[in-house]
2 protein chains.
Amino acid sequence: MVKSRKSKEKEKEEVCQTIEIHPDIVKKVQENTPSEESLNKLAEFFKIMGDQTRIKILYALFNAGEMCVCDISYVLGKTQSAISHQLRILRQAKLVKFRKEGKVVFYSLNDEHVKEILDVGYSHIKEE
Amino acid sequence: MVKSRKSKEKEKEEVCQTIEIHPDIVKKVQENTPSEESLNKLAEFFKIMGDQTRIKILYALFNAGEMCVCDISYVLGKTQSAISHQLRILRQAKLVKFRKEGKVVFYSLNDEHVKEILDVGYSHIKEE
DNA sequence: TAAACATATGAACAACTATTCATATAAATT
DNA sequence: AATTTATATGAATAGTTGTTCATATGTTTA
C-alpha cells in the first residue's frame, strides 16, 4: 500500500503521498515513544512549570531555602490567596513540600530535579 | 519596622507577622532571582512544553529524526490542521526547524536542549 | 493551465486556568 | 472566650488556548 516517491536516498522514504506513510518510520516512532500515561504526566508536569507565578515561587524557594506564604506573597507582590492557590498546585505536583510551625506554614522545594529543570530551561532561553 | 517573633535559631527569622517581613530573606531572594523578562521567557518556554500534542510531536521528531507534517498527523492520530497549528507554535519557540522539499515540509528538532529537557522531566515523573 | 496535493492559517467555539472576593479553619495572643 | 493572625478554599469571572472547519497558498503532475 506504500508508494515511495523517491528512492535517491535510502532512508528518505518517509514521504506522505495520498495519505500513505512509510511504515518503517511510523513503527520506529511508535515503538520508541513513552506510554500515553507517561506523556500525559510529562505534559502535566511542564504545564505546571509553565506559569510565571509558579516559576517565581520555585525560584524564591530555591534562593531562600524555605519561606512562609506571607513572605512569598510579599516578595512576588501577589495576594496571599493567589499564592495559596498556586502553592496547592505545586504541592499536588509534589514540586514543593511544607512544614507547619504554629500558624505559619513554611514551603520549600521538594525535589532535586526542580532546580535542574529550571537550569536547563534557563540555558535554553539564554541561548540566542 | 521588623519584629522578629523568635530568635531561637539564627536564620529562622523570616516570619511574617502583621505584614512585616524579614528584609534579609526578601533581599536575598530579590537579588538572586532572574529578571522579569527571563522569568517570562522561561514560563513561556515551559508552557509550550506543557501540551500533550506538542510533547508527542517532539518525541516523534526525536525518534524519527525528521518527519513531514502528514506523517506526524498520521502517527499522532490528529488532523493535519491541528498539527500544523502546533508546529507553528513550536517553530516560533525555535524548538523545531523545517526544510522544504517541493510540497513537503520536513520538521526536526532544533535544539540539543529539547531532548535534555524531556529527559530531565521524564526522570522526574518516573520517580515515585 | 487545470487538477491534485501538502501545508498553512483565520475565525469560531469549547474547555481550561489564574486571579479575585468572600469566607472558612486553625493557631496564638489578649 | 474573644480577637487577631496565617493560611486555605469555594465560587465567580475574565482571559487564554487547542481543536475544528473552511479556505488560502504554493508546488507538482497530467
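Given the structure is predicted, the values throughout are model-derived calculations rather than measurements. Each chain gets a letter, A, B and so on, in the order the sequences are listed, and its residues count up from 1.
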(request) Figure out the CG/C1' separation between A:Leu87 and D:dT9, and round it to whole Å. (result) 13 Å
(request) Round to a whole Å and report the spacing from CD of B:Gln92 to P of C:dT9. (result) 9 Å
(request) Look at all strands and tell whether A:Phe98 reaches a base, only sugar-phosphate, or nothing, counting heavy atoms closer than 4.0 Å. (result) nothing
(message) Over all strands shown, is A:Ser81 touching base, sugar-phosphate only, or nothing at heavy-atom distances under 4.0 angstrom?
(response) base
(request) For A:Gln52 and C:dT17, give me the distance from atom CD to atom P, rounded to whole Å. (result) 18 Å
(message) Taking side chain to side chain contact (heavy atoms under 4.5 Å, CB included) as the definition, give me every residue that meets it alongside A:Phe98, ordered by chain and number, with sequence neighbours left out.
(response) A:Arg91, A:Lys100, A:Val105, A:Tyr107
(request) Determine: side-chain N/O of A:Arg88 to OP1/OP2 of D:dT7, distance under 4.0 Å, yes or no. (result) no
(message) If you take any heavy atom closer than 4.0 Å to DNA chain C, which residues from residues 42-49 of chain A end up in contact?
(response) A:Lys47
(message) Which nucleotide wins on minimum distance to the side chain of B:Val104, given the candidates D:dT7, C:dA6, D:dG18?
(response) C:dA6
(message) Counting only heavy atoms and a strict 4.0 angstrom limit, can you tell me which residues of residues 53-63 of chain B come near DNA chain D?
(response) B:Thr53, B:Arg54
(request) Kindly write out the residues that satisfy side chain to side chain contact (heavy atoms under 4.5 Å, CB included) with B:Ser38, not counting sequence neighbours, or none if the list is empty. (result) A:Tyr122, A:Ile125, A:Lys126, B:Pro34, B:Ser35
(message) Once side chain to side chain donor-acceptor pair (under 3.5 Å) is applied, do any residues pair with A:Glu44, and if so which ones, sequence neighbours excluded?
(response) none
(message) Using a 4.0 Å heavy-atom cut-off, does B:Ser84 contact any base of the nucleic acid, only the sugar-phosphate backbone, or nothing at all?
(response) base
(request) Please answer whether D:dT19 and B:His85 are stacked, defined here as ring centres separated by less than 5.5 Å and planes angled under 30°. (result) no
(request) Could you pull out the closest heavy-atom pair between B:His124 and A:Ala93, with the gap in Å? (result) NE2-O, 4.2 Å
(request) Ignoring backbone atoms, test whether A:Gln80 places a side-chain nitrogen or oxygen under 4.0 Å from the OP1 or OP2 oxygen of D:dT5. (result) no
(request) Answer whether the closest heavy-atom distance between the side chains of B:Lys56 and B:Val75 falls below 4.5 Å. (result) no
(message) Atom CD of residue position B:Glu112 - does it have more than 12 heavy atoms of other residues, nucleotides or ligands inside 6.0 Å?
(response) no
(request) With heavy atoms under 4.0 Å as the rule, sort A:Lys78 into base, sugar-phosphate or nothing. (result) sugar-phosphate
(request) Write down the distance between NZ (A:Lys100) and C1' (C:dT25), rounded to a whole number of angstrom. (result) 9 Å
(request) Could you tell me whether the phosphate oxygens of D:dA6, OP1 or OP2, come under 4.0 Å of any side-chain nitrogen or oxygen in A:Tyr107? (result) no
(request) Figure out the CD/C1' separation between B:Glu101 and D:dG26, and round it to whole Å. (result) 16 Å
(request) Would you indicate, yes or no, if C:dT19 has its OP1 or OP2 atom less than 4.0 angstrom from a side-chain nitrogen or oxygen of A:Gln86? (result) yes
(message) Measuring from the side chain of B:Lys103 (C-beta onward, heavy atoms only), which nucleotide among C:dA18, C:dA6, D:dA6 has the closest atom?
(response) C:dA6
(message) Using side-chain heavy atoms (C-beta onward) and a distance below 4.5 Å, is A:Asn40 in contact with B:Ile55?
(response) no
(request) Take atom CG of A:Asn40 and atom P of C:dC16, then tell me their distance rounded to the nearest Å. (result) 13 Å
(message) Just the rounded figure in Å: distance from P of C:dT19 to CG of A:Leu76.
(response) 10 Å
(message) Checking A:Lys103 now: which residues fulfil side chain to side chain contact (heavy atoms under 4.5 Å, CB included) with it, not counting sequence neighbours?
(response) none
(message) What is the distance, to the nearest angstrom, from the CD1 atom on A:Ile83 to the C1' atom on C:dT19?
(response) 11 Å
(message) Using side-chain heavy atoms (C-beta onward) and a distance below 4.5 Å, is B:Phe45 in contact with B:Leu95?
(response) yes
(message) Quick check: on DNA chain C, is the nucleotide nearest A:Gly50 upstream (toward 5') of the one nearest B:Arg91, or the reverse? Name the residue that is more 5'.
(response) B:Arg91
(request) Say whether, by atom type as modelled, one donor and one acceptor occur between the side chain of A:Arg54 and the main chain of A:Leu90 under 3.5 angstrom. (result) no
(request) Go through C:dT7, D:dT20, D:dT7 for me and flag the one nearest to the B:Ala82 side chain. (result) D:dT20
(message) Does atom CD (B:Glu37) have a neighbourhood of more than 12 heavy atoms from anything else shown, all under 6.0 Å?
(response) no
